[in-house]
Chemist: 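The structure follows.
Scope of the values below: all heavy atoms of this structure, side chains included, with no hydrogens, waters or symmetry mates.
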Amino acid sequence: MFRNFKTVNRMIFGRGCFNQLDDILSEQRSKQRPTIVFVVDDVFKDKPLRERIPLKETDLLLWVNVDHEPKTSYVDQLTDQVRQAMAERRQDLPAGIVGIGGGSTMDLAKAVSLMLTNQGSSVKYQGWDLITHPAVYHAAVPTLSGTGAEVSRTTVLTGPEKKLGINSDYTVFDQVVLDPELIAGAPREQRFYTGMDCYIHCIESLEGTYLNAFSQAYGEKALALCQEVFLEEVPDSDDKLMMASFFGGMSIAYSQVGVAHAMSYGLAFELGVHHGIGNSIVFDYLEEFYPRGVAEFKQMLVKQGIELPRGITANATDEQIERMVNVSLMLEPLWENALGKDWRNIMNRERIRALYRRM
Ligand code: NAD
Ligand code: ZN
């Protein structure tokens, strides 16, 4: 069976296109449902972007903190906040949710839009196609590029038991607003690590056994854009990085990621290491799986003057390492994509453990 997958309905791209957000949202507002909920990374509280948010009197502005990657408990709390605000406005649902920020904020916006129409805690929906009701209209405005969260059919959440996305067709954004000017202010290291998430998506997709012409077409273009951005430093690198993220996301939509992602999830779950940096830390040790990609990644580190954190597992107990191995091994499709159907004969606990211990 081939996957018949859903993509973003509408997208707008260009420097300054954020100014059209008001017009775009006005099409969604109605008399019964005038409210738009803006879910915005609190890093912008004191930034000029704040004044540019097209906020109306009936709207709701939710500042979100993403010092930690999104948790199911945070999603539930935000959803309750929106429900309460809607009740005060005597409105059943908002006209839409707009996420403004990086991958974490976009994921929070996706999750809240889903949980407003699906009963119970978000924990219940971590998995594949467990959502039964369409979400509230939701739009994304990325301010960091690389995760591909703007195009994907998942919202990655850490719950009490697992770090796993709410994967569904309803998760996909209805609208994305891709304005390269908005990523210009991101801190250099953060921009690099989130950009490397995209680079690693491309390598893992292109080197994987699930590869097909669809994924290859998007993956090769995204890879070439990453090379321009991180090795050549072209002048319009923000525009290119934004499109690399989008295409990288499209590439893995129809294939899968691989070893770096499988192991990075273990680091995230047990040690709270963030996605982009975790992928980079792991990828640095994967020359046996991705020799060309890792060699080029090391060139990018030098070119960008980035020093990777070392020794992050130095103080980890054996129990912690075992839990990391468990989390990583749960991600079977990732291993199968990377190493083929008989991956269990190639990758065992001992090898994963040894790799974690080197980091
Ligand atoms: P992020 O959203 O976690 O943000 C990282 C940091 O950058 C935060 O401190 C944030 O406040 C700051 N920041 C964001 N934009 C900024 C800007 N323009 N200027 C200054 N600071 C800015 O980072 P990310 O790497 O984009 O996202 C990682 C998250 O995305 C993880 O939670 C991961 O699980 C998730 N993810 C989701 C998908 C998906 O398909 N849904 C895919 C990959 C990763
Ligand atoms: Zn990723």
Side-chain angles (χ1 to χ4, degrees), residues 5-28 36 38-41 43-44 47-49 52-54 96-107 109-110 113 137-155 171-186 190-192 194-199 201-202 205 214-230 232-254 276:
F5 80 90
K6 169 93 172 54
T7 54
V8 173
N9 291 348
R10 283 175 169 266
M11 48 201 108
I12 181 169
F13 171 85
R15 292 183 163 258
C17 74
F18 181 73
N19 293 335
Q20 283 170 247
L21 184 60
D22 196 14
D23 288 346
I24 291 169
L25 296 176
S26 67
E27 289 177 23
Q28 301 303 323
I36 296 284
F38 292 92
V39 174
V40 189
D41 187 326
V43 77
F44 294 109
K47 300 258 171 76
L49 184 67
R52 296 178 58 204
I53 299 171
I97 309 283
V98 181
I100 305 179
S104 298
T105 307
M106 288 190 269
D107 277 358
K110 283 178 174 180
S113 75
Y137 168 94
H138 49 302
V141 183
T143 66
L144 255 182
S145 285
T147 63
E150 64 277 23
V151 287
S152 75
R153 75 190 290 281
T154 188
T155 158
T171 310
V172 181
F173 282 112
D174 296 293
Q175 167 85 56
V176 296
V177 176
L178 302 175
D179 183 344
E181 284 178 355
L182 301 184
I183 67 170
Q190 184 62 57
R191 178 181 194 269
F192 178 81
T194 303
M196 284 306 104
D197 188 21
C198 176
Y199 179 75
H201 290 161
C202 297
S205 171
F214 183 103
S215 293
Q216 188 174 4
Y218 282 111
E220 284 177 349
K221 186 64 199 176
L223 180 67
L225 289 167
C226 286
Q227 288 162 340
E228 283 186 63
V229 171
F230 293 107
E232 296 165 31
E233 294 195 62
V234 286
D236 50 353
S237 69
D238 289 334
D239 306 56
K240 291 191 163 160
L241 186 54
M242 200 157 234
M243 285 321 297
S245 175
F246 195 92
F247 272 44
M250 287 298 288
S251 179
I252 50 174
Y254 229 124

Chemist: Work out which heavy atom in Thr7 is nearest to a heavy atom in Val172; give both atom names and the distance.
Modeler: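 Minimum heavy-atom contact is C-CG1, 3.6 Å.
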Chemist: Mind checking whether Phe173 and Val151 have side chains closer than 4.5 Å, heavy atoms only?
Modeler: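 No; the side chains remain at least 4.5 Å from each other.
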Chemist: Minimum heavy-atom separation for Cys202 and Gly219, please, with both atom names.
Modeler: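 Minimum heavy-atom contact is SG-O, 3.8 Å.
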Chemist: Could you check whether the rings of Phe214 and Tyr254 sit parallel, tilted or perpendicular, using 30° and 60° as the cut-offs?
Modeler: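 Aromatic pair Phe214/Tyr254 classed tilted.
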Chemist: Whether the side chain of Thr171 engages the backbone of Thr155 through a donor-acceptor N/O pair (distance < 3.5 Å, no angle test) should be reported.
Modeler: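 No, the answer is negative, given that no donor and acceptor are paired below the 3.5 Å cut-off.
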Chemist: Using a 4.5 Å cut-off on heavy atoms from C-beta on, say whether the side chain of Gln175 contacts that of Ile24.
Modeler: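 Answer yes - side chains close enough.
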Chemist: State whether the side chain of Asp179 and the backbone N or O of Gly16 hold a donor-acceptor pair below 3.5 Å, judged by distance alone.
Modeler: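 A pair under 3.5 Å: yes.
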Chemist: Compare all side-chain heavy atoms of Phe18 with those of Thr143 and state whether any distance is below 4.5 angstrom.
Modeler: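 When only atoms from C-beta onward are counted, Thr143 and Phe18 do not touch, as no gap falls below 4.5 Å.
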Chemist: Which value, rounded to the nearest 0.5 Å, describes the distance between Asp22 atom CG and Glu27 atom CD?
Modeler: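 Here the rounded value is 11.0 Å.
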Chemist: Please name the pair of heavy atoms, one in Met106 and one in Thr147, separated by the smallest distance, quoted to 0.1 Å.
Modeler: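 It is CE-OG1, 4.5 Å.
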Chemist: Locate the shortest heavy-atom distance separating Ala109 from Ile97; write the atom from each residue and the value.
Modeler: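 Looking at all heavy atoms of both residues, the closest pair is O-CG2, 3.8 Å.
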Chemist: Compare every heavy atom of Phe230 with every heavy atom of Gly195, then report the nearest pair and how far apart it is.
Modeler: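 Residues Gly195 and Phe230, closest heavy atoms: CA-CZ, 3.8 Å.
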Chemist: Please determine whether side chain to side chain contact (heavy atoms under 4.5 Å, CB included) holds for the pair Ile53 and Val40, giving the CA-CA distance in whole Å, both sets of side-chain angles, and the decisive distance to 0.1 Å.
Modeler: CA-CA 10 Å; Ile53 299 171; Val40 189; 4.0 Å; yes
Chemist: To the nearest 0.5 Å, tell me how far Asp107 CG sits from Thr154 OG1.
Modeler: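 Between Asp107 CG and Thr154 OG1, I get 7.0 Å after rounding to 0.5 Å.
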Chemist: How close do Ser205 and Ile252 get, heavy atom to heavy atom, and via which atoms?
Modeler: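 Answer, listing the atom of Ser205 first, then Ile252: CB-CG2, 4.0 Å.
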Chemist: If the condition is side-chain hydrogen bond (donor to acceptor under 3.5 Å, both in side chains), which residues does Lys47 pass it with, not counting sequence neighbours?
Modeler: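 side-chain hydrogen bond (donor to acceptor under 3.5 Å, both in side chains) check on Lys47 returns nothing, list empty.
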Chemist: Do the side-chain N and O atoms of Ser245 and Glu150 include a donor-acceptor pair separated by under 3.5 angstrom?
Modeler: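 Ser245 vs Glu150: donor-acceptor pair found between side chains.
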Chemist: Kindly check if the number of other-residue, nucleotide or ligand heavy atoms within 6.0 Å of CZ (Arg10) is above 12?
Modeler: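 Atom CZ in Arg10 is not crowded, with 12 or fewer foreign heavy atoms closer than 6.0 Å.
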Chemist: Is there a side chain to side chain contact (heavy atoms under 4.5 Å, CB included) between Asp238 and Glu181 once you walk through the steps?
Modeler: CA-CA 7 Å; Asp238 289 334; Glu181 284 178 355; over 6 Å; no
Chemist: The test is side chain to side chain contact (heavy atoms under 4.5 Å, CB included); show your working for Ser237 and Arg191 and say whether it passes.
Modeler: CA-CA 11 Å; Ser237 69; Arg191 178 181 194 269; 3.0 Å; yes
Chemist: Please tell me if the side chains of Pro54 and Gln20 come closer than 4.5 Å, counting only heavy atoms from C-beta onward.
Modeler: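 With C-beta onward as the side chain, the pair stays apart.
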Chemist: Going by atom types alone, do Ser152 and Lys110 pair a side-chain donor with an acceptor below 3.5 Å?
Modeler: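 Lys110 and Ser152 do have a side-chain donor-acceptor pair below 3.5 Å.
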Chemist: For the residue pair Leu178 and Ile12, establish whether any side-chain heavy-atom pair is separated by less than 4.5 Å.
Modeler: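 When only atoms from C-beta onward are counted, Ile12 and Leu178 do not touch, as no gap falls below 4.5 Å.
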Chemist: Does Ser26 reach the main-chain N or O of Asp23 with its side chain, forming a donor-acceptor pair under 3.5 Å?
Modeler: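 Yes, Ser26 side chain to Asp23 backbone: donor-acceptor pair under 3.5 Å.
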Chemist: Any sub-3.5 Å donor-acceptor pair from Asp174's side-chain atoms to His138's backbone N or O?
Modeler: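 Pair found, side chain donor or acceptor close to backbone of His138.
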Chemist: Answer whether the closest heavy-atom distance between the side chains of Cys17 and Val177 falls below 4.5 Å.
Modeler: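 Side chain of Cys17 against side chain of Val177, heavy atoms only: contact under 4.5 Å found.
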Chemist: Under the side-chain hydrogen bond (donor to acceptor under 3.5 Å, both in side chains) test, which residues partner Gln216, sequence neighbours left out?
Modeler: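 Glu220.
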Chemist: Using a 4.5 Å cut-off on heavy atoms from C-beta on, say whether the side chain of Met243 contacts that of Asp239.
Modeler: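 A side-chain contact is absent here, since even the closest heavy-atom pair is not under 4.5 Å.
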Chemist: What's the verdict on side chain to side chain contact (heavy atoms under 4.5 Å, CB included) for Leu25 and Tyr137, showing C-alpha distance, side-chain angles and the deciding distance?
Modeler: CA-CA 10 Å; Leu25 296 176; Tyr137 168 94; 4.1 Å; yes
Chemist: Give me the one residue out of Val229, Leu225, Thr194 that meets side chain to side chain contact (heavy atoms under 4.5 Å, CB included) with Leu241.
Modeler: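 Of Val229, Leu225, Thr194, side chain to side chain contact (heavy atoms under 4.5 Å, CB included) with Leu241 is met by Val229 alone.
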Chemist: Tell me, do Ile100 and Val39 make a side-chain contact under 4.5 Å, heavy atoms counted?
Modeler: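 Side-chain contact under 4.5 Å: no.
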